[in-house]
Amino acid sequence: MSALVSHSDFHLGRVLSKSRNGEPLTKGEMRFLLDLKDEGDLDRLFRTAREMRYRYFGEAIFLYGFVYFST
């Protein structure tokens, strides 16, 4: 696949379905998702992300932070 990827090379439903099925996304597919601008497409992406987060983590809340030590 070329470095420049056209949005016409991907179909949002297919990419989101791959994600739901646990299939790894290609770099081009990830770039495609990051380049989405349409509000409807972004809503579908965020809905899928929430679905996946709930599937793997449920209602759990995770807190994390960094601890820095100086020398």
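Just so it is clear, the values below take in all heavy atoms, side chains as well, and ignore hydrogens, waters and symmetry mates. Nothing fancy with the numbering, it's 1 onward along the sequence.
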Novice: Hydrophobic cluster membership, with links at side-chain heavy-atom distances under 4.5 Å among I/L/V/M/F/W/Y: are F46 and F32 in one?
Specialist: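 Same cluster: F46 reaches F32 through Ile, Leu, Val, Met, Phe, Trp or Tyr contacts under 4.5 Å.
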Novice: So, the side chain of T48 versus the backbone of R44: is there a donor-acceptor pair under 3.5 Å, distance only?
Specialist: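 Looks like yes, one N/O pair under 3.5 Å.
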Novice: State whether R47 and E51 are salt-bridged, where the test is any N-O pair (Lys NZ or Arg NE/NH1/NH2 against Asp/Glu carboxylate O) under 4.0 Å.
Specialist: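 Not counted as a salt bridge, because no side-chain N and carboxylate O are separated by less than 4.0 Å.
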Novice: First locate atom CG of L45, then atom CG of D38, and finally report the distance between them rounded to the nearest 0.5 Å.
Specialist: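 Here the rounded value is 11.5 Å.
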Novice: Atom CG of D41 and atom CG of L33: how far apart are they, to the nearest 0.5 Å?
Specialist: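 D41 CG to L33 CG: 9.5 Å, rounded to 0.5 Å.
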Novice: Considering only NZ, NE, NH1 and NH2 on the basic side and carboxylate oxygens on the acidic side, decide whether D35 and R31 come within less than 4.0 Å.
Specialist: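 So D35 does not pair with R31 through a salt bridge.
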Novice: Hey, what do you get for CZ (R14) to CD (E23), rounding to the nearest 0.5 Å?
Specialist: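 R14 CZ to E23 CD: 10.5 Å, rounded to 0.5 Å.
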Novice: Let me check something: do L16 and Y54 share a hydrophobic cluster, defined by ILVMFWY side-chain heavy atoms less than 4.5 Å apart, either directly or through other members?
Specialist: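 No; tracing contacts between hydrophobic side chains, which count when under 4.5 Å, never links both residues.
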Novice: Taking the six-membered ring for Trp, are F66 and Y68 parallel (under 30°), tilted (30 to 60°) or perpendicular (over 60°)?
Specialist: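 Tilted: the ring planes of F66 and Y68 meet at 30° to 60°.
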Novice: Identify the residue among R53, E59, R55 that makes a side-chain contact (heavy atoms from CB on, under 4.5 Å) with F57.
Specialist: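 Result for side-chain contact (heavy atoms from CB on, under 4.5 Å) with F57: R53.
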Novice: Taking all non-hydrogen atoms of both residues, which atom of M30 and which atom of L25 are closest, and how far apart?
Specialist: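 The answer is CE-O, 3.5 Å.
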Novice: Applying the 4.5 Å side-chain criterion to the ILVMFWY set and letting contacts propagate, would Y56 and F62 be lumped into a single cluster?
Specialist: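 Same hydrophobic cluster.
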Novice: For residues R20 and M52, report the shortest heavy-atom separation together with the two atoms involved.
Specialist: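 Looking at all heavy atoms of both residues, the shortest contact is CA-SD, 3.7 Å.
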Novice: Is the side chain of N21 donor-acceptor paired with the backbone N or O of S17 at a distance under 3.5 Å, no angle test?
Specialist: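 Yes: the side chain of N21 pairs with the backbone of S17.
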